[in-house]
Each structure stands twice: as structure tokens, then as C-alpha cells.
Amino acid sequence: MDKVRTHREMLKRAWFSMPRDEDKVEIREIHVNSLSESWHVVKIITDVKSYYSSSSQGFRTLSEAIEYAEKRNKENDGVHDYTKYKLVIN
């Protein structure tokens, strides 16, 4: 094996042998942030033991952003149950 391949294998073994946080606090939140008077962002954050995911959507008015966040907070499509998410408006 060449040096690069050997180094990659060593890094991979080290990564997978690291202990994982078994007592991880799960975070499920929908944030509404006003970045300026004319730009507002809704960010959905899922940080659980098995994975991390986030997505964001921008809006020109605060009322549109809040309406979208409240609508998503009531959704349960079978895959994502957003009714369990905490709604945070900044």
C-alpha cells in the first residue's frame, strides 16, 4: 500500500474507534430569525443520536416566515413529525 492509502486507513480506523456520546440531548427545533428588515430565515434543525440535519428557507417578510414555520410545525408526513419540534422565534 502506498503512504496516502495507509494514512487514510489509519484515520478511518481512528474515526470509527472514537467513543460516541450515548447520552446525547436530542434537539428538534424550528427557528425564525430576522437577519434584516427585509430578510427573515426559517431554519429547521434535527440533531439526534443517529444523525444531524438542517435546512433553511428565506422570506422577505416576517409574517411569511412565521406563517411558514407554524405550518411546518403542524406537519407530520410519516417521515418527519414536525409536531414534536420546538418553535423558536427570535
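The minimum heavy-atom distance between V42 and A65, with the atom names listed, is CG2-O, 3.4 Å.
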- Apply side-chain contact (heavy atoms from CB on, under 4.5 Å) to V88 and N33, showing your working. CA-CA 9 Å; V88 179; N33 294 315; over 6 Å; no

- Trace of the side-chain contact (heavy atoms from CB on, under 4.5 Å) decision for I44 with R72: CA-CA 9 Å; I44 301 173; R72 289 301 294 257; 4.0 Å; yes

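Taking CG of L11 as the start and OG1 of T6 as the end, the distance is 11.0 Å to the nearest 0.5 Å. Atom OG in S54 sits 12.0 Å away from atom CD in E29 (nearest 0.5 Å). Note that CD1 of I89 and CD1 of I30 are 10.0 Å apart. Values are rounded to the nearest 0.5 Å. T83 OG1 to N76 CG: the interatomic distance, rounded to the nearest 0.5 Å, is 5.5 Å. Atom CD of E70 sits about 13.0 Å away from atom CD of E75, to the nearest 0.5 Å.
Residues Y51 and S53 meet the side-chain proximity criterion, which asks for heavy atoms closer than 4.5 Å. Side-chain atoms of H40 and S34, non-hydrogen and from C-beta on, do get closer than 4.5 Å to each other. At least one side-chain heavy atom of K24 sits under 4.5 Å from a side-chain heavy atom of D47.
For R28 and E26, the salt-bridge test passes: some basic side-chain N is under 4.0 Å from an acidic carboxylate O. Taking the charged nitrogens against the carboxylate oxygens, E9 and R5 do have a contact shorter than 4.0 Å, which makes a salt bridge.
Around atom CD of E67, no more than 12 heavy atoms belonging to other residues, nucleotides or ligands sit under 6.0 Å away. Under a cut-off of 6.0 angstrom, the local environment of NZ in K86 is sparse, with at most 12 non-hydrogen atoms contributed by other residues, nucleotides or ligands.
V41 belongs to a hydrophobic cluster whose other members, connected by ILVMFWY side-chain contacts under 4.5 Å either directly or through intermediates, are L35, W39.
Checked against ring-ring contact (aromatic ring centres under 6.0 Å, His included), F59 has the following partners two or more places apart in sequence or in another chain: Y68. Taking H80 as the reference, Y82 meet the ring-ring contact (aromatic ring centres under 6.0 Å, His included) condition, with sequence neighbours excluded.
No continuous path of ILVMFWY side-chain contacts below 4.5 Å connects Y85 to I45, so the two sit in separate hydrophobic clusters.
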